[in-house]
Participant: 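Sharing a structure below in structure tokens format, with a few things to ask.
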Amino acid sequence: MSATHTVRLCHLYPQLMNIYADRGNIAVFRQRLAWRDIGLEITEIGLGDVIEPVQHDLYYLGGGQDRDQNLVAKDLIANAATLQAAANAGAAQLYVCGGIQLAGHSYVTADGTELAGLGILDLTTEAGGSRLIGDLIIDATVEGMSQRVVGYENHVGRTHLGPNCEPLGQVVSGHGNDGESGHEGAILNHVIGTYLHGPLLPKNPWLADILLAWALEHRYKKEVALRPLDDLVEARAHDIASARASIKR
Ligand code: GLN
């Protein structure tokens, strides 16, 4: 991989879906690629925009308020076939919080409105009676590799997985998908959904690199082994978040 290589990122609704600085995940993608001399091209999709088929290697949708999710959901459905085709072709996709809810089949909000989702992840969500808030630590498993992943959650939605996707991880501390199952997030092939804000990737570079490797493999159709980086600062941030969560509980 060199300067001639580029990842094409499609950032879905950055103006509306950017709660808890979820946009910071984009900065991580950019910087981890730059450190390896690989470029990043970003296409931002807003309301009314049509996603061009086949043109992106990595898709990202952050979290949002129910009100903004309502606006986005209607628009997103118009792009569902393109996003599903991209997932089938192995493009990487990351959906955070409000994002994972819209990547599933449906989200029933607190006022009883049912928002149709993309159906890319086999899951459904409905609002519960309380918000699930706080530090969240999980043991995530991706392609047979397990790592502790840390972040922060704040959601009213309770997410239930269907048989066609696995949880991203098991809750170590915090609530996760529904506060009961011990499941956190969802994964199906190269599509990951999670409730982890923070933003997620600065403290969890392992996950960032998995997504970037999938994106590069989608673009260049060959197996990619990314050069390891010095993640000392990231590891410290990870450990501090992990210690803080354990102290509180
Ligand atoms: N509105 C959704 C919920 O409360 C998602 C919130 C979020 O993205 N933090 O469940």
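Just so it is clear, the values below take in all heavy atoms, side chains as well, and ignore hydrogens, waters and symmetry mates. Remember, it's 1-based here, ligands and their atoms both numbered in the order they're listed.
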Participant: If the condition is side-chain contact (heavy atoms from CB on, under 4.5 Å), which residues does Leu188 pass it with, not counting sequence neighbours?
Facilitator: Leu121, Cys165
Participant: So His155 and Tyr195, ring pair (Phe, Tyr, Trp, His ring centres under 6.0 Å) or not? Walk me through it.
Facilitator: CA-CA 8 Å; His155 51 106; Tyr195 274 107; 3.6 Å; yes
Participant: Check whether any side-chain heavy atom of His160 sits under 4.5 Å from a side-chain heavy atom of Asn177, and report yes or no.
Facilitator: no
Participant: Can you list the residues that meet the side-chain contact (heavy atoms from CB on, under 4.5 Å) rule with Gln170, with sequence neighbours excluded?
Facilitator: Pro167, His183
Participant: Sequence neighbours left out, what passes side-chain contact (heavy atoms from CB on, under 4.5 Å) with Val171? Give chain and number order.
Facilitator: Leu136, Glu184
Participant: What does the N/O contact table under 3.5 Å look like for ligand 1?
Facilitator:
from, atom 1, to, atom 2, distance (Å)
ligand 1, 1 (N), Gly64, O, 3.2
ligand 1, 1 (N), Asp66, OD1, 2.5
ligand 1, 1 (N), Gln69, OE1, 2.7
ligand 1, 4 (O), Arg131, NH2, 2.9
ligand 1, 4 (O), Val156, N, 3.1
ligand 1, 8 (O), Gly64, N, 3.0
ligand 1, 8 (O), Gly64, O, 3.3
ligand 1, 8 (O), Gly98, N, 3.0
ligand 1, 9 (N), Asn154, O, 3.0
ligand 1, 9 (N), His197, NE2, 3.0
ligand 1, 10 (O), Gln101, NE2, 2.9
ligand 1, 10 (O), Val156, N, 3.0
ligand 1, 10 (O), Gly157, N, 2.9

Participant: In plain terms, say whether Asp209 and Arg36 are close enough for a salt bridge, that is, a side-chain N and a carboxylate O under 4.0 Å apart.
Facilitator: yes
